[in-house]
Every structure is written in C-alpha cells, then in structure tokens.
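Okay, so here's the structure we're looking at.
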Amino acid sequence: MTQIDQVDIALIGAGLGGAAAAALLLDAGFSVHTFEQAPEFTRLGAGIHIGPNVMKIFRQIGLEKRLETIGSHPDHWFSRDGNTGEYLSKIPLGDYAKKEYGASYITIHRGDLHAEQIDALPQDKVHFNHRLTDIVERDSDVLLTFANGKKVAAKLVIGADGINSMLREKLLGVEKPRYSGWVGHRALVNMDKLRASGLEFEPCVKWWWEKSRHIMAYATKNDQSEYYYVTGLPQDTWDHETSFIDSSREEMEAAFGGSHPMVQALIDATETVTKWPFWNRDPLNLWSQGRLVLLGDACHPMRPHMAQGACMAIEDAAVLTRALSQSGLDNYTSAFTSYENTRRERATKVQTISNANTWLKEPEDPAWLYAYDPMTADLN
Ligand SMILES: Cc1cc2nc3c(=O)[nH]c(=O)nc-3n(C[C@H](O)[C@H](O)[C@H](O)COP(=O)(O)OP(=O)(O)OC[C@H]3O[C@@H](n4cnc5c(N)ncnc54)[C@H](O)[C@@H]3O)c2cc1C
C-alpha cells in the first residue's frame, strides 16, 4: 500500500507567488510543504518589475537587500509616444519611491528573482517533480495524489498553481482560460548592438502607439548590462498548443519598425525573440472552499500591462499568511474569509486596469498601488 505523508499545509506550485507564500508561512511558524511539477527552474529570458508594495514583503522574507543589489533601480517610469518620443507621463521612482512609498522599485530578470526565492527556502520542504493529479476532500483533511505516485494528506491546501490551476478546477469546474486577443513579444537584446546605436536608453520606458500597441523596455541588472523588452499587440487568434512560439526581428519590424530611432535600435539589437499569448479569466466568484484556497494567477490572472501580476500573487501570499496567523490553522474558514475580503477589491482593480492597458499612459498618482503595505494593512 502506498504510504500517505501527513502535512499541515500543502502548497501547490513554487512559482513567484507560491515561493513567496512558502517563505512567509514558514517564517510565521507554520509547517508547510511545497509541491512543484517542474523538475527544476531555468533562467528563461524575461524581466519583471517588482514594486515597493512587494519589496516590503521581501523585506520580511529577508531578500530585500539582495534583490536591490541584483536589480535595476529606474529613476522614473517613462511613457513615450512611439513615433515622436514625446513624454506622455513620467512617474518618479528611485529615491522618490523609497521615501514616498516605503521601499525600492526594481526591475530584474525573473529567473534571478525566482532563484533567490527558491534558494531561500529549506530544500527539504520543496518537492520538485510533483505534479498534482487528484484532490479528494475528506472529513478532516485533503488527500492529494501526484503523478509520481506520491500521496499526501494535508489539513489545508493552497493553490498557487497558476492560470491553469487544478485547484481552481476543483472549486469551479473545468474551464480553459480565455485567449485575450493579445500577444506579447519578449526579448533580451544584444547590448553591444544596442550601445552601437549611440543612443541613451532609459532604465524603464513604455512606448505607446495608438491604444492597441506598446513596447515596454527596461534594464534587468543593477549595472544596466542587460536590457529587455516585452510588447503588447492585438492578434485575432492563437492556434498553438505551446505556451509560446519563436518570433523574429522581421516580425518586430513589421509591427513596430519605422518609428522612433530608439524603438528602431531595439528592433535592430534583437537576436532571439519569442511570442506569448495573453490569457484571461473574469474575476472568480469563489476564492476558497472547505480546506482549499487559491492565490495569484490561479485566482486572478491578468494581462501583464501594469507589471503587477506576480506582485498581486505575492501580496496574496502575505495577506493569507497574516490571516492564518491571526486565526490559527484550525480556524481556517475565518482566515480564508478575511483573506478574500482583504484582497478581492484590490486584486480585481489591478486586474481590470491591467486588462484595459491604460496604466501610466497619462500622468496619474500611483501611490494607492505602490505605497500599500501588505504586511501591515488592515485585515477585513
Ligand atoms: C509577458 C509577461 C510579463 C509579465 N511581467 C510582470 C511584471 O513585470 N511584474 C509582475 O508582477 N508580473 C508580471 N507578469 C505576471 C506574472 O508572471 C504572473 O502573474 C505570475 O507569474 C503569477 O505567479 P503565480 O505564482 O500565481 O503563478 P505561476 O508563476 O504561473 O506559477 C505556478 C506554478 O505552479 C506550478 N504548477 C502548475 N500546475 C501544477 C500542478 N498540477 N502540480 C504542481 N505544480 C503545478 C507551475 O509549474 C508553476 O511553477 C508578467 C506576465 C507575462 C506573461
């Protein structure tokens, strides 16, 4: 007979949200084991923004200083017209963010961030090669079965298993995410070619064309030695089974060529570029049920245009941990209610703005987003 391991909390998925939840729950004294389907993580070519709202959580986890050393610290988020270069808005970050929002705003390679998060966890509590395949709710626990044959009985199960979450399916039934009608190109550019253009590149800039197209470009390293862009543009259909496909400089040229010289220099410095579909779901009407609870993309996936999807996953992790600490493991029902009541409005607001792709196109005050402190905000 297969042995059944007993754990207090089983966390499914060690992505950016799951790894944060694991660190915070362990720090709060909970017994938690994380199960990840991937055999390991690799440094995929992509960057990510981490706002001050989430750097405060990394302070608690003990990673803030390290991430500050690795990541780039843009002085501003610039929004510019894609053809003329005219500034549409300039949001101060850098020292201003530290002073006004209480922590740094960084842009970083997401592989570097994720590696720091995983390395900070006790390795005997993170189980790779564990793909969850079955969930059975029982009277006093939940029985989880993994593709490798392992079985685990957990008092609580947290679904940090991303947009195709199996836990979401268990709660709400099978429903594929909706293709949003938008794709994004992602590329790390050749720095020698970029420098050869003789132009000076801002550490964090979003180029806008008519409402429907943009390129977001930024440095992913503290010494500005790596520069990355991600685009957003409409495409009627997505007919591929894979999560991304190869694109090309020619495709970039067709979509964005012949515009501002800095945009052209980015295209010219492109060697390898991939194309990703953006998926979506409407806000869920259920975040938890019984002993199961969702966080991050499993719960509120969004188009990435506000650079806050992972930030919302990590904020979820912080608030869920605080709610469980306050109520205790046995009172998980009230913890889950408090978690959802505290998170729903904010996460839905970010999801809505992100999907509309309007964030910082025009001058606006981002304090409501960046000054928020998930470690001290009132729990509802
Ligand atoms: C182009 C692009 C740019 C982005 N830029 C930003 C940005 O600048 N800032 C930002 O904050 N966000 C950004 N995001 C959003 C961000 O990537 C996601 O919101 C974030 O990764 C969600 O984290 P998560 O932990 O919820 O899910 P994921 O990161 O998807 O992690 C889910 C994990 O669960 C595992 N898993 C899935 N199913 C199972 C199973 N059955 N059993 C075991 N394990 C399983 C997966 O292998 C994975 O490791 C961007 C997204 C895209 C597409």
Side-chain angles (χ1 to χ4, degrees), residues 10-22 33-42 44-51 53-55 57 71 74 77 105-111 113-114 117-118 126-135 144-148 150 152 157-170 177 180 182-187 204 206 214-218 220 228-232 243-244 274-280 294-317 347 350-351 354 359 369:
L11 230 162
I12 309 301
L16 301 177
H33 284 257
T34 305
F35 301 94
E36 166 57 47
Q37 65 182 1
E40 60 180 343
F41 291 124
T42 50
L44 282 173
I48 193 161
H49 298 227
I50 297 297
N53 47 324
V54 163
M55 288 301 275
I57 303 173
W77 168 313
Y105 189 108
I106 65 164
T107 54
I108 187 167
H109 194 293
R110 61 185 296 145
L113 165 67
H114 201 190
Q117 287 187 262
I118 297 293
V126 187
H127 310 279
F128 287 94
N129 253 324
H130 277 67
R131 182 166 63 81
L132 181 68
T133 53
D134 194 37
I135 306 166
L144 303 172
T145 305
F146 295 89
N148 59 11
K150 292 270 173 55
V152 171
V157 185
I158 301 175
D161 47 347
I163 189 161
N164 293 304
S165 167
M166 213 190 141
L167 255 86
R168 193 212 66 84
E169 239 172 54
K170 178 80 184 167
S180 69
W182 281 54
V183 294
H185 300 84
R186 286 165 137 175
C204 181
K206 190 162 179 177
H214 69 259
I215 297 180
M216 177 97 216
Y218 52 91
T220 49
Y228 161 81
Y229 67 72
V230 55
T231 74
S243 51
F244 68 91
T274 51
K275 186 162 77 168
W276 301 66
F278 295 148
W279 302 98
N280 237 329
L294 303 175
L295 69 73
D297 275 12
C299 195
H300 41 67
M302 57 190 83
R303 275 175 24 200
H305 312 314
M306 206 171 159
Q308 282 283 328
C311 290
M312 288 302 111
I314 297 167
E315 283 194 5
D316 285 351
V350 171
Q351 191 182 22
S354 219
W359 181 241
L369 182 63

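Both counts, for ligands and for their atoms, begin at 1 and track the order of listing. Start at 1 with the first residue, then count along the sequence.
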Review point. Do Q351 and N280 have side-chain N/O donor and acceptor atoms under 3.5 Å apart?
Key: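 There is no such pair between these side chains.
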
[X] N/O under 3.5 Å from ligand 1 N/O:
| X | value |
| --- | --- |
| L132 | yes |
| A310 | yes |
| A298 | no |

Review point. Taking T145 as the fixed residue, which of T133, V152, L132, I135 is the one that meets the side-chain contact (heavy atoms from CB on, under 4.5 Å) rule?
Key: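 Checked T133, V152, L132, I135 against T145; only one passes side-chain contact (heavy atoms from CB on, under 4.5 Å): T133.
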
Point to revise | For V157, the option from I12, L294, L11 that meets side-chain contact (heavy atoms from CB on, under 4.5 Å) | key: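 The option that passes is I12.
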
**Study point:** Which segment of Q37 sits under 4.0 Å of ligand 1 when only heavy atoms are counted
**Key:**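 The answer is both, backbone and side chain.
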
Please work out whether the ring planes of [X] and [Y] are parallel, tilted or perpendicular, with thresholds of 30° and 60°.
| X | Y | result |
| --- | --- | --- |
| H49 | Y105 | perpendicular |
| Y228 | Y218 | perpendicular |
| F35 | H130 | tilted |

Within-shell test, [X] vs ligand 1, heavy atom, strictly < 4.0 Å:
| X | result |
| --- | --- |
| G18 | yes |
| M312 | no |
| F41 | yes |

Review point. Side chain of D316, backbone of G17: donor and acceptor closer than 3.5 Å?
Key: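 Not a single qualifying donor-acceptor pair exists.
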
In terms of atom number and element, which parts of ligand 1 are under 4.0 angstrom from non-hydrogen atoms of [X]?
| X | result |
| --- | --- |
| F35 | 43 (C), 44 (N) |
| A307 | 7 (C), 8 (O), 9 (N), 10 (C), 11 (O) |
| I12 | 42 (N), 43 (C) |

Check your understanding: Looking only at protein heavy atoms, which one is nearest to atom 50 (C) of ligand 1, and how far off is it?
Key ->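 Checked against all protein heavy atoms, atom 50 (C) of ligand 1 sits closest to P304 CB, 3.5 Å.
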
